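Residue numbers begin at 1 in each chain, while the letters A, B, ... track the order of the sequences. As the structure is a prediction and not an experimental result, all values here were calculated from the model.
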Number of protein chains: 2
Amino acid sequence: MDAELRDRWLDHAQQQMTEAGRRSGAARTAVLTLLANEGQCLLTAQEITDRLRRAGAGSTASVYRIIDDLHQLGLLHRFDGGDGVARYEIADPEHHHHHLVDDRSGRVEPFTDERLERAIHDVADRLGVELTGHDVILRGHRRSAAD
Amino acid sequence: MDAELRDRWLDHAQQQMTEAGRRSGAARTAVLTLLANEGQCLLTAQEITDRLRRAGAGSTASVYRIIDDLHQLGLLHRFDGGDGVARYEIADPEHHHHHLVDDRSGRVEPFTDERLERAIHDVADRLGVELTGHDVILRGHRRSAAD
DNA sequence: TTATATGCAAAAGCTTTGCATGGGT
DNA sequence: ACCCATGCAAAGCTTTTGCATATAA
């Protein structure tokens with residue numbers, strides 16, 4: 001689904017990596033392809049490595065190195081959960097969103113809100129800050145009839 | 001400064017810990033006192049342990065265990081920075097705030113904004129979520145004349 | 001007295017680094 | 001041909017756990 005977004009990110013990422021002076025190897029190709037296909041949903045380095053291994057390419061070290069490059073180039077967003085494991089998802093300005101963490105199941109759900117975005121940019125203005133990024137994390141659980 | 005807030009948090013924390021069925025030991029007393037005095041500013045477990053050791057009380061294990069208890073009781077807020085180290089600060093409803101991280105110096109600065117809070121609660125309502133917590137992290141740098 | 005807190009040391013888990021090798025340009 | 005990317009293994013770091021001892025209640 002949304003093959004256009006996927007390809008757009010992939011193309012952009014490869015171009016950026018090349019421009020940054022990096023060469024294209026088997027591991028990098030595999031990571032980029034995997035992320036382009038299912039990188040919308042917060043993956044850990046471990047998960048990425050496991051999936052690549054099953055496909056016969058990619059090692060722990062390479063995955064961490066590639067992820068790091070992508071993150072530094074702004075192609076990947078990093079999400080530091082409360083469990084000491086970093087999670088990543090592809091960064092696409094057109095699909096900007098935040099995260100709601102269910103405090104019972106640990107499940108993470110994305111959401112967007114225009115007013116929230118406006119409030120954030122206004123605060124940055126008020127503080128005289130040139131914003132390069134922002135994260136919002138909501139913790140809670142679905143309201144049931146009992147609540 | 002703000003001795004009242006300090007004492008209020010300290011009293012509240014000790015009471016909560018006792019109600020949770022915990023006993024008061026040397027390490028716990030030392031950690032609570034330290035946090036009450038300088039826990040407004042995001043400390044790592046390492047930093048807390050170091051300061052306690054200098055005072056002759058507290059070990060790595062105890063600090064982590066105590067911090068964990070406090071966090072679970074909602075007496076401490078946890079901040080997962082992008083460097084794989086957790087930072088904590090005392091939780092006081094009257095001093096709710098968010099964080100601005102300078103992407104050049106790494107410095108962290110607290111800020112508050114009413115409209116941002118309202119937007120957050122509205123989003124939670126829209127999602128049908130009972131909010132138990134939320135975090136906002138802004139990344140950027142002070143706007144200079146050059147920007 | 002009895003259960004809990006403490007502290008040391010060891011273990012665990014995620015992430016990074018060193019180094020030899022293969023592969024891109 | 002040159003240099004970077006890769007992968008394995010080892011090291012590094014933060015955080016957790018096991019266990020004997022000290023201590024609060």
Side-chain angles (χ1 to χ4, degrees), chain A residues 13-35 42-73 75-88 106, chain B residues 13-35 42-73 75-88 106:
Chain A
Q14 290 191 306
Q15 184 187 333
Q16 290 285 303
M17 290 287 264
T18 301
E19 280 180 18
R22 300 274 145 78
R23 292 182 186 174
S24 177
R28 197 185 96 179
T29 303
V31 170
L32 285 178
T33 304
L34 173 64
L35 287 174
L42 291 176
L43 294 169
T44 65
Q46 195 62 248
E47 289 165 345
I48 295 173
T49 307
D50 288 347
R51 299 192 196 189
L52 291 197
R53 261 195 224 292
R54 235 171 281 141
S59 66
T60 304
S62 292
V63 168
Y64 275 105
R65 282 190 278 239
I66 293 162
I67 280 177
D68 215 60
D69 289 342
L70 291 170
H71 183 238
Q72 288 203 3
L73 289 170
L75 295 162
L76 228 46
H77 277 147
R78 181 172 172 163
F79 178 85
D80 292 287
D83 57 354
V85 192
R87 276 159 229 277
Y88 300 85
Chain B
Q14 288 189 307
Q15 184 186 332
Q16 290 286 302
M17 289 288 264
T18 301
E19 281 179 18
R22 301 271 147 78
R23 291 182 186 174
S24 178
R28 198 184 95 179
T29 303
V31 170
L32 285 177
T33 305
L34 173 63
L35 288 174
L42 291 175
L43 294 170
T44 66
Q46 194 62 248
E47 289 166 346
I48 295 174
T49 306
D50 287 348
R51 300 193 195 189
L52 291 198
R53 260 196 224 292
R54 236 171 280 140
S59 65
T60 304
S62 292
V63 167
Y64 274 105
R65 281 190 279 240
I66 293 163
I67 279 178
D68 214 60
D69 290 342
L70 291 170
H71 183 238
Q72 287 203 5
L73 289 170
L75 294 161
L76 228 46
H77 277 148
R78 182 172 169 163
F79 177 87
D80 291 289
D83 57 354
V85 191
R87 276 158 230 278
Y88 299 86

Sequence-aligned protein contact record of nucleotides 18-25 of chain C, with B where the base is within under 4.0 Å of a protein heavy atom and S where only the sugar-phosphate is: B----BBS
With a cut-off of 3.5 Å and sequence neighbours excluded, list every side-chain donor-acceptor pair involving residues 61-70 of chain B.
residue, atom, partner, partner atom, Å
B:S62, OG, B:S59, OG, 3.3
B:D69, OD1, B:R22, NH1, 3.1
B:D69, OD2, B:R22, NH1, 3.2

Partners meeting side-chain contact (heavy atoms from CB on, under 4.5 Å) with A:T29 (sequence neighbours left out):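 Partners of A:T29 by the side-chain contact (heavy atoms from CB on, under 4.5 Å) criterion, ordered by chain and then number, come out as A:S24, A:T33.
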Set of side-chain contact (heavy atoms from CB on, under 4.5 Å) partners for B:Q15, sequence neighbours left out: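 Checked B:Q15 against side-chain contact (heavy atoms from CB on, under 4.5 Å); matches are B:E19.
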Donor-acceptor pairs under 3.5 angstrom involving side-chain atoms of residues 43-50 of chain B: please list them, not counting sequence neighbours.
residue, atom, partner, partner atom, Å
B:T44, OG1, B:E47, N, 3.0
B:E47, OE1, B:T44, N, 2.9
B:T49, OG1, B:A45, O, 2.8

Length of the [atom1]-[atom2] vector between [X] and [N], whole Å:
X     : N      : atom1 : atom2 : answer
B:D83 : D:dG12 : CG    : P     : 19 Å
A:I66 : D:dG7  : CD1   : P     : 8 Å
A:D80 : C:dC14 : CG    : C1'   : 12 Å
B:D69 : C:dA5  : CG    : C1'   : 10 Å
A:Q72 : C:dT16 : CD    : P     : 10 Å
B:D68 : C:dT6  : CG    : C1'   : 16 Å
A:Y88 : C:dC14 : OH    : P     : 13 Å
B:M17 : C:dA5  : CE    : P     : 8 Å

Considering all heavy atoms, the nearest A:Q14-A:R28 contact: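 What the structure gives for the nearest pair is O-NH2, 4.1 Å.
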Over all atoms of both residues, closest heavy-atom pair of A:G58 and A:A27: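 Looking at all heavy atoms of both residues, the closest pair is CA-CB, 4.4 Å.
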Axis-to-axis angle between the two ends of the helix from C:dT1-D:dA25 to C:dT25-D:dA1 (five base pairs per end, rounded to 10 degrees):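 One end axis against the other gives 30°.
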B:A27 or B:T60, whichever maps to the more 5' nucleotide of DNA chain C: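 Upstream on the strand: B:A27.
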DNA chain C contacts among residues 42-56 of chain B, heavy-atom distance under 4.0 Å: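 Within this stretch, B:R53 sit under 4.0 Å of the strand.
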Contacts of A:Y88 that satisfy ring pair (Phe, Tyr, Trp, His ring centres under 6.0 Å) - sequence neighbours left out: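 By the ring pair (Phe, Tyr, Trp, His ring centres under 6.0 Å) rule, A:Y88 matches no residue at all.
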Under-4.0 Å side-chain N/O to phosphate OP1/OP2 contact, A:S62 with D:dG7: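 Checking D:dG7 against A:S62, a side-chain N or O does come within under 4.0 Å of OP1 or OP2.
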By side chain to side chain donor-acceptor pair (under 3.5 Å) - contacts of B:Q72 (at least two apart):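 If we apply the side chain to side chain donor-acceptor pair (under 3.5 Å) test to B:Q72, skipping adjacent residues, there are no hits.
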Among C:dG7, D:dG7, C:dC14, the nucleotide that comes nearest once only the side chain of A:Y64 is considered: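 Nucleotide nearest to A:Y64's side chain: C:dC14.
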Pairing residues for A:R53 by the salt bridge (Lys or Arg N to Asp or Glu O under 4.0 Å) criterion, not counting sequence neighbours: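 With neighbours one apart ignored, the set is empty.
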Non-neighbouring partners of B:R23 that pass salt bridge (Lys or Arg N to Asp or Glu O under 4.0 Å), sequence neighbours left out: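 B:R23: no salt bridge (Lys or Arg N to Asp or Glu O under 4.0 Å) contacts found.
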Which side-chain N or O atoms in residues 75-84 of chain A pair as donor and acceptor under 3.5 Å with protein atoms at least two apart or in another chain?
residue, atom, partner, partner atom, Å
A:R78, NH1, B:G82, O, 3.4
A:R78, NH2, B:G82, O, 2.9
A:D83, OD1, A:V85, N, 3.3
A:D83, OD2, A:R87, NH2, 2.6

